[in-house]
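As structure tokens, the structure follows; a few thoughts come after it.
This is a predicted model, so every value here is computed, not measured.
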Protein chains: 2
Amino acid sequence: MPRKPRKGDVAADEAVYGAIRRAMHMGRLAPGTKLQEPALARVLGVSRERVRKALHRLVHEGWLTAVPNRGTFVPTLTVEEMRQIYDVRSMLEAAIVRRLSEGHGAAAAKRLKAHVAEEKAATRRDDRGRLFELSGEFHVLLAELCGNDELTRLLRGLLTRSTMHFSLAAPRQLTNCAGPHDHGDIADAILGGKPDKAAKLMLGHLAGLVTLQAARPPQHEPVDLPEAFRGIKARRNE
Amino acid sequence: MPRKPRKGDVAADEAVYGAIRRAMHMGRLAPGTKLQEPALARVLGVSRERVRKALHRLVHEGWLTAVPNRGTFVPTLTVEEMRQIYDVRSMLEAAIVRRLSEGHGAAAAKRLKAHVAEEKAATRRDDRGRLFELSGEFHVLLAELCGNDELTRLLRGLLTRSTMHFSLAAPRQLTNCAGPHDHGDIADAILGGKPDKAAKLMLGHLAGLVTLQAARPPQHEPVDLPEAFRGIKARRNE
DNA sequence: CTCCAACAGGATGTGCACATTTCTTGACGT
DNA sequence: ACGTCAAGAAATGTGCACATCCTGTTGGAG
């Protein structure tokens with residue numbers, strides 16, 4: 001007799017999906033780690049099918065790699081693949097900052113200034129965790145300010161994939177982006193209406209990131225799943 | 001007693017996935033059409049779970065839209081969404097042709113010339129079907145010539161989503177791109193090493209396409225599923 | 001002592017049965 | 001006649017039970 005599902009379970013997949021995604025973002029899961037379904041189901045306290053569906057989704061979105069009859073693994077990005085991702089980011093983000101420099105609304109300017117201010121505040125507080133989040137969101141914010149949802153979604157996927165590997169390599173030692181003042185300079189160029197300067201700064205910024213990551217090969221240490229998901233579990237909010 | 005699965009079934013999902021994808025590309029499925037699982041399973045001759053998995057994948061990739069407890073539907077792209085897709089394409093493809101114009105190998109030049117020649121041949125033969133394919137592949141080819149797999153995959157997704165709606169609106173009346181000589185001009189600019197000219201031509205080309213599509217609102221006629229999948233089915237090859 | 005093969009344990013993949021929700025049809029009341 | 005509501009039917013969502021495959025281990029042979 002199948003157990004009867006509750007009506008609130010519609011958001012459960014999202015919770016499981018978010019939990020795994022969060023664990024990866026926190027750098028708990030090293031590249032090459034095998035995510036086996038029964039163990040995850042036990043740790044997260046949900047059924048195996050729920051975990052299964054979440055894993056499939058993560059695979060389709062490029063977060064994980066699936067090998068038939070073998071399981072799903074945390075992908076080991078090569079230096080070349082990472083370079084390619086940053087290459088695409090360069091194309092898109094150069095165009096983004098160029099466009100924003102050529103014209104943007106007052107609301108956009110306000111949001112941009114607010115974000116830079118928050119980053120500086122986090123830097124002063126030496127709040128690495130918050131700064132890590134903000135650094136990533138800065139690039140998403142620029143896409144959002146273009147008012148193109150498709151662009152935002154695409155860039156978010158690219159960014160998460162690149163920063164994921166970043167956080168895996170050096171969870172809490174480095175910040176997400178090379179220097180927070182980079183973002184401030186880029187914002188200034190945008191607000192000052194200097195397309196070429198903004199684009200040049202952005203390209204330099206991204207180039208700095210890719211060299212920073214290339215110099216830091218990922219470590220191959222085995223991971224204990226229950227330990228990795230300590231304190232994360234599957235929570236409803238987000 | 002569960003029926004025992006055969007070892008060749010690992011590629012069956014791909015076949016189902018491809019069948020639905022092909023039906024959409026052929027313009028058989030009008031926007032707003034509901035794809036119900038039992039009917040698809042009967043038509044394609046596979047189990048419902050197989051269809052289910054394929055639909056989920058298509059939803060994750062943005063081809064279909066899922067409403068909880070309601071089903072999955074062929075998305076109705078608004079003019080605004082289409083404009084946004086072409087906007088992102090403009091950013092990427094302008095950067096692509098600019099880069100190719102600034103330098104490319106002999107093999108790249110050869111492939112580019114061959115493609116343009118094939119397009120001209122198809123035009124002379126008045127082979128609309130082949131020209132439709134070639135027109136789309138031209139843009140993918142440019143991405144491939146950059147040697148960036150990530151870029152190619154991204155652009156392919158963008159292109160299929162935009163041309164899908166195109167083929168739905170006018171399956172066999174128009175060609176994929178405005179004029180085949182547009183592609184020839186762009187190729188000439190790339191081969192001649194003129195970045196600005198190539199980028200300008202590409203932007204104009206894409207702008208022409210978006211206006212062409214915007215002037216053609218999709219029709220809302222109900223679709224019969226068995227009729228839509230006539231001759232498509234789920235085949236292994238591809 | 002090393003290597004290979006058979007075996008056991010476990011993980012993944014898939015069909016199936018049922019609960020829940022939604023849509024449709026029909027009847028009733030205003 | 002029209003709107004409303006209820007009951008039946010169909011579709012979706014989910015847990016479960018195997019079947020298949022992979023992997024690590026153990027035993028024996030060279």
**Study point:** Lys/Arg-Asp/Glu bridge criterion (N-O < 4.0 Å) met for A/Arg83, B/Glu150
**Key:** no
Point to revise | Salt bridge A/Arg130-A/Glu133, side-chain N to carboxylate O under 4.0 Å | key: yes
Give the nucleotide from the list [options] with an atom nearest to the side chain of [X].
X	options	value
A/Pro38	C/dA11, C/dG15, D/dT12	C/dA11
A/Arg70	D/dG13, D/dG15, D/dT23	D/dT23
A/Arg48	D/dG13, D/dG15, C/dT14	C/dT14
A/Asp13	C/dT12, D/dA11, D/dT14	D/dT14
B/Asn69	C/dT21, C/dT12, C/dG15	C/dT21

Exercise for review: Check B/Leu92, B/Leu206, B/Ile96 against B/His139 for a side-chain contact (heavy atoms from CB on, under 4.5 Å) and give me the one that passes.
Suggested key: B/Leu206
Exercise for review: Mind checking side chain to side chain contact (heavy atoms under 4.5 Å, CB included) for A/Thr152 and listing every partner two or more places apart, or none if nothing turns up?
Suggested key: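 So A/Thr152 forms a side chain to side chain contact (heavy atoms under 4.5 Å, CB included) with A/Val140, A/Ala143, A/Glu144, A/Arg156.
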Review point. With A/His115, which residues qualify under side chain to side chain contact (heavy atoms under 4.5 Å, CB included), at least two apart?
Key: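 Checked A/His115 against side chain to side chain contact (heavy atoms under 4.5 Å, CB included); matches are A/Glu119, A/Leu134, A/Glu137, A/Phe138, A/Leu141.
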Does the side chain of [X] get closer than 4.0 angstrom to OP1 or OP2 of [N] through an N or O atom?
X	N	answer
B/Lys34	C/dC23	no
B/Arg50	C/dG13	no
B/Lys53	C/dG13	no

Check your understanding: What heavy-atom pair brings A/Leu77 and A/Arg161 nearest, and what distance separates the two atoms?
Key -> CD2-O, 4.4 Å
Taking [atom1] from [X] and [atom2] from [N], how many angstroms apart are they, rounded to a whole number?
X	N	atom1	atom2	result
A/Leu35	C/dG10	CG	P	20 Å
A/His56	C/dT14	NE2	C1'	11 Å
B/Glu37	C/dT21	CD	P	17 Å
B/Gln36	D/dA9	CD	P	18 Å

Practice item. Have a look at the helix from C/dC1-D/dG30 to C/dT30-D/dA1 and give the angle its two end axes make, five pairs each, rounded to 10 degrees. Key: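 For the helix from C/dC1-D/dG30 to C/dT30-D/dA1, the axes at opposite ends meet at about 10°.
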Check your understanding: So, the side chain of A/Lys53 versus the backbone of A/Tyr17: is there a donor-acceptor pair under 3.5 Å, distance only?
Key -> no
Check your understanding: Which part of the nucleic acid does B/Glu49 contact within heavy-atom distance under 4.0 Å: base, sugar-phosphate only, or nothing?
Key -> base
Check your understanding: Is there a donor on the side chain of B/Arg52 or the base of C/dG15 sitting less than 3.5 Å from an acceptor on the other?
Key -> no
